[in-house]
2 protein chains.
Amino acid sequence: MFGSRQFTSEVLEHCQTCSIRLTSVCSALKEEEIGGLAEITTLIKADPQETIFYEGDPADHLFNVTGGGVSMFKLLPDGRRQITGFLFAGDFLGLALHDHYSYSAEAITGATFCRFPRNKLEVLLDKYPKFEKRLLQTASNELAAAQDQMLLLGRKTAQERIASFLLNLSQRAMRRGQAGDKVDLPMSRADIGDYLGLTIETVSRTFTRLKKEEVIELPGVHEVVILDRAGLQDIAGFSAEDPVAAVAAF
Amino acid sequence: MFGSRQFTSEVLEHCQTCSIRLTSVCSALKEEEIGGLAEITTLIKADPQETIFYEGDPADHLFNVTGGGVSMFKLLPDGRRQITGFLFAGDFLGLALHDHYSYSAEAITGATFCRFPRNKLEVLLDKYPKFEKRLLQTASNELAAAQDQMLLLGRKTAQERIASFLLNLSQRAMRRGQAGDKVDLPMSRADIGDYLGLTIETVSRTFTRLKKEEVIELPGVHEVVILDRAGLQDIAGFSAEDPVAAVAAF
DNA sequence: TCAAAGCCTTGATCTGCATCAACACAAGAG
DNA sequence: CTCTTGTGTTGATGCAGATCAAGGCTTTGA
């Protein structure tokens with residue numbers, strides 16, 4: 001999400017800390033902004049998750065993913081988690097124009113990305129007003145995707161959710177120029193479950209079921225081959241991709 | 001959603017067909033754009049829902065709700081429905097910058113609204129570049145709300161969903177200057193169910209249960225009195241309103 | 001005033017997915 | 001090599017909410 005290749009290249013010119021491994025940035029932050037307490041080092045070691053920021057943090061940076069994958073998520077007090085989106089190379093993170101992030105973000109694999117201060121974005125926007133329209137376009141796409149996800153979470157069965165998910169990933173891979181029938185699943189089963197509103201067990205069972213029905217193949221835990229795209233679309237409910245034909249009324 | 005009082009007043013100056021009852025607009029459209037076949041009349045009679053537009057229709061108009069309520073929704077081929085948002089007076093509809101609407105919209109009560117052509121919006125945006133930023137701000141709010149809704153649909157129980165829903169409506173009423181403890185429910189139980197990913201029976205039972213627990217009162221079918229706001233927030237999971245305290249890391 | 005049609009509520013039963021539990025497998029670490 | 005730890009799969013059981021069913025209340029209209 002928040003993906004826009006062209007805008008990316010334009011912004012990258014202004015990006016100063018590009019292609020840093022997420023963990024490196026964490027260390028850098030430790031030195032720069034806090035000063036290197038032993039406590040902090042321990043904390044970072046104790047939390048092996050490569051966290052980018054948490055919900056409620058001051059939204060002072062904009063991120064651009066340059067490699068790997070990132071998840072955006074929200075938590076309930078008791079730990080239940082909902083992943084609201086996955087981000088891959090080229091996608092933007094932290095674009096929402098709020099003072100504080102309204103969600104958390106962390107890497108699902110060793111992600112590389114670049115970040116730069118929000119105030120520079122403001123300058124950039126004033127300098128190139130066309131950016132504004134592009135941002136709006138991006139937000140608009142985000143919103144449409146969010147609505148699809150609501151339909152999925154509110155009304156689709158487990159099988160329909162998995163099928164929709166695979167088709168979405170496939171489409172995004174194709175848009176990034178890759179083949180569409182071999183889908184990469186860099187995230188864990190837990191991540192998939194938290195994205196689709198299911199448990200890891202249901203995710204696993206549903207993959208197995210789709211395999212038995214010969215709609216997909218599972219060469220490895222983190223890759224899926226789509227054998228029967230039409231069948232998968234049929235299962236998915238089909239509407240996330242193709243809007244239902246407009247009713248003729250009026 | 002899409003609510004912005006100030007922007008509203010500015011735009012309204014450019015609005016030409018203001019405060020028309022939705023049904024009137026439908027009739028007008030019938031005459032203008034089709035020509036008044038007897039067939040069509042029958043069709044409209046058979047479909048008493050006051051539909052504004054359907055998913056996939058050309059997105060040639062922007063709407064501003066001036067009274068009553070409107071729902072935005074998506075459908076699956078077999079008729080399952082997910083309402084993605086309710087709109088009330090002052091809210092905008094159809095702002096997404098796509099060629100076609102990515103969802104459908106219809107009135108939940110006799111709604112009044114005004115509409116004007118999208119190309120006029122473009123002109124307006126060029127004329128007042130500040131609008132662009134405001135639109136972006138609005139879209140950004142929408143996105144945050146959508147993420148809250150995903151958390152609700154993916155991870156909350158029926159009781160938590162209803163509680164969150166009531167608190168949201170209450171907050172919106174307060175923002176519109178009304179009292180916060182008496183909440184209006186202009187929509188049907190079916191609409192609430194389709195918004196929260198539940199059945200009408202579960203919605204009804206959950207209201208009854210909250211009443212028995214003396215958290216709310218139900219003076220009428222379409223109104224709720226919040227007796228114990230803290231208790232309701234407790235049930236809601238509380239996070240939709242108040243972000244979880246930022247984890248200290250880094 | 002009564003009939004018909006819509007909503008809403010409530011009760012009984014069913015079921016898809018969650019939960020609980022056991023095990024398989026791969027990757028490090030010692 | 002074995003032990004440990006993390007991650008995924010598979011099976012058995014339980015339950016929240018769906019489905020099925022019946023009845024009440026309100027509105028509309030003749």
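Note on naming: letters A, B, ... go to the chains in the order of the sequence lines (proteins, then strands), and numbering restarts at 1 for each one.
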Anything under 3.5 Å between a protein N or O and an N or O of nucleotides 23-25 of chain C, put it in a table, one pair a line.
none

Whole angstrom value for the distance that separates C1' of C:dT9 from CD1 of B:Ile162: 14 Å

B:Arg80 CZ to C:dG16 P, straight-line distance once rounded to whole Å: 13 Å

B:Gln82 side chain reached by B:Asp194 side chain, heavy atoms, under 4.5 Å: no

Ionic contact status for B:Asp191 with B:Arg81, cut-off 4.0 Å: yes

4.5 Å side-chain heavy-atom contact, B:Arg172 and B:Asp91: yes

5' priority, DNA chain D, between A:Arg155 and A:Ala190 [closest heavy atom]: A:Ala190

Pair A:Glu142, B:Gln147: side-chain N/O donor-acceptor within cut-off below 3.5 Å: no

Protein-nucleotide distance (B:Met187, atom CE; C:dC7, atom P), rounded to Å: 15 Å

B:Lys74 with A:Asp148: basic N within carboxylate O range, under 4.0 Å: yes

Any side-chain donor near an acceptor of the partner, B:Thr206 and B:Arg161, under 3.5 Å: no

Touch class at under 4.0 angstrom, heavy-atom based, for A:Gly197 against every strand present: sugar-phosphate

Aromatic centroids of B:Phe53 and B:Phe63 separated by under 6.0 Å: yes

Ring geometry between B:Phe165 and B:Phe86 (parallel below 30°, tilted from 30 to 60°, perpendicular above 60°): tilted

Boundaries of the DNA chain D segment in contact with chain B, non-hydrogen, under 4.0 Å: D:dG17 to D:dC20

Stepwise side-chain contact (heavy atoms from CB on, under 4.5 Å) check, A:Leu153 with B:Met150: CA-CA 7 Å; A:Leu153 292 170; B:Met150 287 189 234; 3.9 Å; yes

Touch class at under 4.0 angstrom, heavy-atom based, for B:Thr199 against every strand present: base

Sorted by number, the residues of residues 200-226 of chain A with heavy-atom contact under 4.0 Å to DNA chain C: A:Glu201, A:Thr202, A:Arg205

Heavy-atom side-chain proximity of A:Leu227 to A:Val215 below 4.5 angstrom: no

Any side-chain heavy-atom pair of A:Leu93 and A:Tyr103 under 4.5 Å: yes

